[in-house]
Amino acid sequence: MSTPFPFTAVVGQDDLRLALLLNAVSPAVGGVLVRGEKGTAKSTAVRALSALMPQIDVVAGCRFSCAPAAPDPACPDGPHEVGAGVFRPARMVELPVGASEDRLVGALDIERALSEGVKAFEPGLLADAHRGLLYVDEVNLLHDHLVDLLLDAAAMGASYVEREGVSVRHAARFLLVGTMNPEEGELRPQLLDRFGLTVEVAASREPDQRVEVVRRRLAYDDEPEGFATRWADEESDVRARIVAARELLPSVRLGDGALRQIAATCAAFEVDGMRADIVMARTATALAAWAGRTDVLAEDVRQAALLALPHRRRRNPFDAPGLDEDKLDDTLEEFASDDESDGSAGSGDEDPDPDPDGPGGGGGQPPQDGPDDGDSGGESPGEAPAQGGPTEPTEPTEKPESGQAPSPGAGGQSPVRAAEPFRTKMLSVPGLGEGAAGRRSRARTEHGRTTGARRPRGALTKLHLAATVQAAAPHQRARGRSGPGLVVRRDDLRQATREGREGNLVLFVVDASGSMAARQRMSAVKGAVLSLLLDAYQRRDKVGLVTFRGSAAEVALPPTSSVDAAAVRLESLPTGGRTPLAAGLLRAHDVLRVERLRDPARRPLVLLVTDGRATGGPDPVALAGRAARLFAADKVASVVVDCESGLVRLGLAGQLAGELGGTAVTLDELRADSIAGLVRDVQGNSRGKGQGHSRRAA
């Protein structure tokens, strides 16, 4: 087993280390979600924590890590007698992104259950992690149903496996830690709320800290065991402090004054539900125990708010997590109790962070600059989150990076802000796909309604009971059945086929030319695209953005799961110049070709936002028509969002939709509450629309 990097050797990152240690002291806090850019050693810090976890005593031979003093009465390996056990280190279990449901919760041997009535259960990762640490790297890329199962188990402290009337339950209490890079996509707000604490990490901009990060990493890589030995005393001290804080935790008093501050803070920041109040209370109590105190102070409530509230203020993918610290201080001061202002009894001369080099104070967000900048990976620097959590995307205050968005050139205009987003009608890809689970188009999935049965192509995951019984019934006499039980063999088992929804690749192709440049009109267009982006986020799609203006087209955003990145590119998009429609279509076709090689199961949906005009070069309209027919030949589902306005309309967008083999909708028809028209699934029959002709994609 490789030697982990010492936890106490991590440079900076005070908030990250503190959040991890608070959960080690009190797993009831609810886990930690670590958000940050690549190369900030999120995984290194989490793996280092496992070496600090105190040893646990378990029942010898129990696969579910039952405690000898209080064994789980429902343990599948039980019942266990109360008595002495054996000590072993607490486990750190890693859940890979591609894990199956059976690997997570465990699997039943359905054949033995049906034929012998035996609950033959193979434990999953949740059982392995019981009384330890469960780590999910790139948790934002994990399938939604796995995240739901994971968080339900973390909340209930138990895992349930239900298969065709056979039930197994076992305890599953663990410290849950997830890490993610927001550039690769966000978690749903409902799932964000299930993590107790969230920490934003970024690499330091302080040269001395970066030098120290590199120095320690090189020393560790040269001699891991020797480097760990040099930090052994510090590791032992932190481990002992965790044990002491755990013992002190039941004695910590959470007074009415602190509770009132917690409730007032959650109300002031308009946090949904009551989970935030409970998490803040548990976090503040753990902070007091970690500091060696038996009373919760206002400083504990403040730190708890900075760790527990920022991610709960994020209500849509375009909101930045964050907290207004001035407002927080005002709220705490307003609701401070009289005895709090004089200092609580029992705090005395206690130092809230007696270890100056250990994780202590700091806000819920990484510092911007100065010698306390945190970093544990020493790679590319990043920005701290914006304060206050805007309700809609704001125009960027920094110059866009090269290649992110075109700068206004000759005839270009400054970017226009998007109009208020709205709820859009459903757009989907025809047919039955087999892509990643999502909420847009019909697909064969592991979850959904049962549509039939087939022989399993490997391990059986979803039994079709009726089909299995039907296959086994004709052979009972030949198999010598003599009792009431059904004689079932492996050849009789049938896998249930299910139909659900998949996520698609939604490729936006946006006309940013002069014909779209009227500021009020472009604002409406951007608002529509922003609305479609929000819809793509809710339906678990990947998104990409191609824009065309002037003399060329460019990929403003390659296909990604991060819809907020697409929103940022959209906001900074200037307009003006000619309309190279053919170039935009050809660039989009090339993007789909490359993406088809990377992810062949994910079906694309092209959303072309244009008024249908084409300029530049000889016969630009005919050239655009030939480019559009490439999509029709590949049977790519497409929708043209017709942005043409005014009393006189040429109907060019409808004609273009016909060439694409898709359908055209106006901005008004795109709204879910519009009665101007019905937006249908993109299908193959033709119809006329407006002055032009369009038909649904085959």
Inset, instruction - Kindly indicate, with the supporting measurements, whether the criterion side chain to side chain contact (heavy atoms under 4.5 Å, CB included) is fulfilled by Val563 and Leu534. - result: CA-CA 7 Å; Val563 295; Leu534 181 58; over 6 Å; no

Legend entry - Check: Lys526 side chain, Arg417 main-chain N or O, donor-acceptor pair, under 3.5 Å: no

Inset, instruction - Mind checking the CG-CD spacing from Leu545 to Glu554? Nearest 0.5 Å is all I need. - result: 8.5 Å

Legend entry - Short side-chain to backbone donor-acceptor contact, Ser531 and Phe422, under 3.5 Å: yes

Inset, instruction - Determine yes or no for a side-chain-to-main-chain donor-acceptor pair under 3.5 angstrom, with Thr575 supplying the side chain and Ala512 the backbone. - result: no

Legend entry - Side-chain donor or acceptor of Glu37 paired with backbone N/O of Ala203 under 3.5 Å: yes

Inset, instruction - For a side chain to side chain contact (heavy atoms under 4.5 Å, CB included) with Lys542, tell me which candidate from Ser562, Ser561, Pro558 qualifies. - result: Ser561

Legend entry - Side-chain donor or acceptor of Arg602 paired with backbone N/O of Pro600 under 3.5 Å: no

Inset, instruction - Determine whether Gln13 and Thr44 make a side-chain contact, defined as any pair of heavy atoms from C-beta on separated by less than 4.5 Å. - result: no

Legend entry - Close side-chain approach of Leu605 and Asp541, heavy atoms under 4.5 Å: no

Legend entry - Closest non-hydrogen atom pair between Leu623 and Ala582, with its separation: CG-CB, 3.7 Å

Inset, instruction - Flag the pair Val621 / Leu652 as yes when at least one side-chain heavy-atom distance between them is below 4.5 Å, and no otherwise. - result: no

Legend entry - Arg603 side chain to Pro430 backbone, donor-acceptor under 3.5 Å: yes

Legend entry - Value rounded to 0.5 Å, distance of CG in Asp15 from OG1 in Thr198: 12.0 Å

Inset, instruction - Give a yes or no on whether Arg578 atom CZ has more than 12 heavy-atom contacts from other residues, nucleotides or ligands under 6.0 Å away. - result: no

Inset, instruction - State, yes or no, whether a side-chain contact exists between Thr497 and Arg444 at a heavy-atom distance under 4.5 Å. - result: no

Inset, instruction - Taking only Lys NZ, Arg NE, NH1 and NH2, and the carboxylate oxygens of Asp or Glu, determine whether Asp611 and Arg613 approach each other closer than 4.0 Å. - result: yes

Legend entry - Residues Asp511 and Ser513: side-chain donor-acceptor under 3.5 angstrom: yes

Legend entry - Asp642 side chain to Thr666 side chain, donor-acceptor N/O pair below 3.5 angstrom: no

Legend entry - Closest non-hydrogen atom pair, Leu150 against Leu95: CD2-CD2, 4.2 Å

Inset, instruction - Provide the closest heavy-atom pair for Val139 versus Val147 in the form atom of the first, atom of the second, distance. - result: O-CG2, 4.2 Å

Inset, instruction - Could you tell me whether Asp535 and Arg440 make a salt bridge, using a distance below 4.0 angstrom between a side-chain N and a carboxylate O? - result: yes

Legend entry - Heavy-atom side-chain proximity of Leu192 to Arg312 below 4.5 angstrom: no

Legend entry - Heavy-atom donor-acceptor pair, Ser441 side chain to Ser428 backbone, under 3.5 Å: no

Legend entry - Close side-chain approach of Val591 and Pro559, heavy atoms under 4.5 Å: yes

Inset, instruction - Verify, without hydrogens or angle tests, whether Arg439 (side chain) and Arg539 (backbone) share a donor-acceptor contact under 3.5 angstrom. - result: no

Inset, instruction - Examine distances only and state if a side-chain atom of His311 and a backbone atom of Phe195 form a donor-acceptor pair shorter than 3.5 Å. - result: yes

Inset, instruction - Compare all side-chain heavy atoms of Leu505 with those of Asp599 and state whether any distance is below 4.5 angstrom. - result: no

Inset, instruction - Over all heavy atoms of both residues, which pair between Thr40 and Ala202 is shortest? Give the atoms and the distance, please. - result: CG2-C, 3.8 Å

Legend entry - Reference residue Arg442; test salt bridge (charged side-chain N to carboxylate O under 4.0 Å, His left out); the match among Glu434, Glu499, Glu502: Glu499

Inset, instruction - With rounding to the nearest 0.5 Å, note down the distance linking CD in Glu138 to CE in Met180. - result: 8.5 Å

Inset, instruction - Quick one: pull up CG in Asn504 and CZ in Arg540 and give me the separation to the nearest 0.5 Å. - result: 13.5 Å

Inset, instruction - Look at Asp590 together with Arg593 and state whether they make a salt bridge at an N to O cut-off of under 4.0 Å. - result: yes

Legend entry - From CG (Leu570) to CG (Leu557), nearest 0.5 Å: 10.5 Å

Legend entry - Check: Glu206 main-chain N/O paired with Ser204 side-chain donor or acceptor under 3.5 Å: yes

Inset, instruction - Would you indicate whether the side-chain heavy atoms of Val214 and Arg210 approach each other to under 4.5 Å? - result: no

Inset, instruction - Decide, yes or no, whether a salt bridge links Glu94 with Arg47 under the criterion of side-chain N to carboxylate O below 4.0 Å. - result: yes

Inset, instruction - Provide the closest heavy-atom pair for Ala528 versus Leu667 in the form atom of the first, atom of the second, distance. - result: CB-CD2, 3.6 Å

Inset, instruction - Can you establish whether the number of heavy atoms outside Arg629 located under 6.0 Å from its atom CZ is more than 12? - result: yes

Legend entry - From CZ (Arg587) to CG (Leu507), nearest 0.5 Å: 11.5 Å

Inset, instruction - Identify the heavy atoms of Ala624 and Leu585 that sit nearest to each other, and give their distance. - result: O-CD1, 3.6 Å

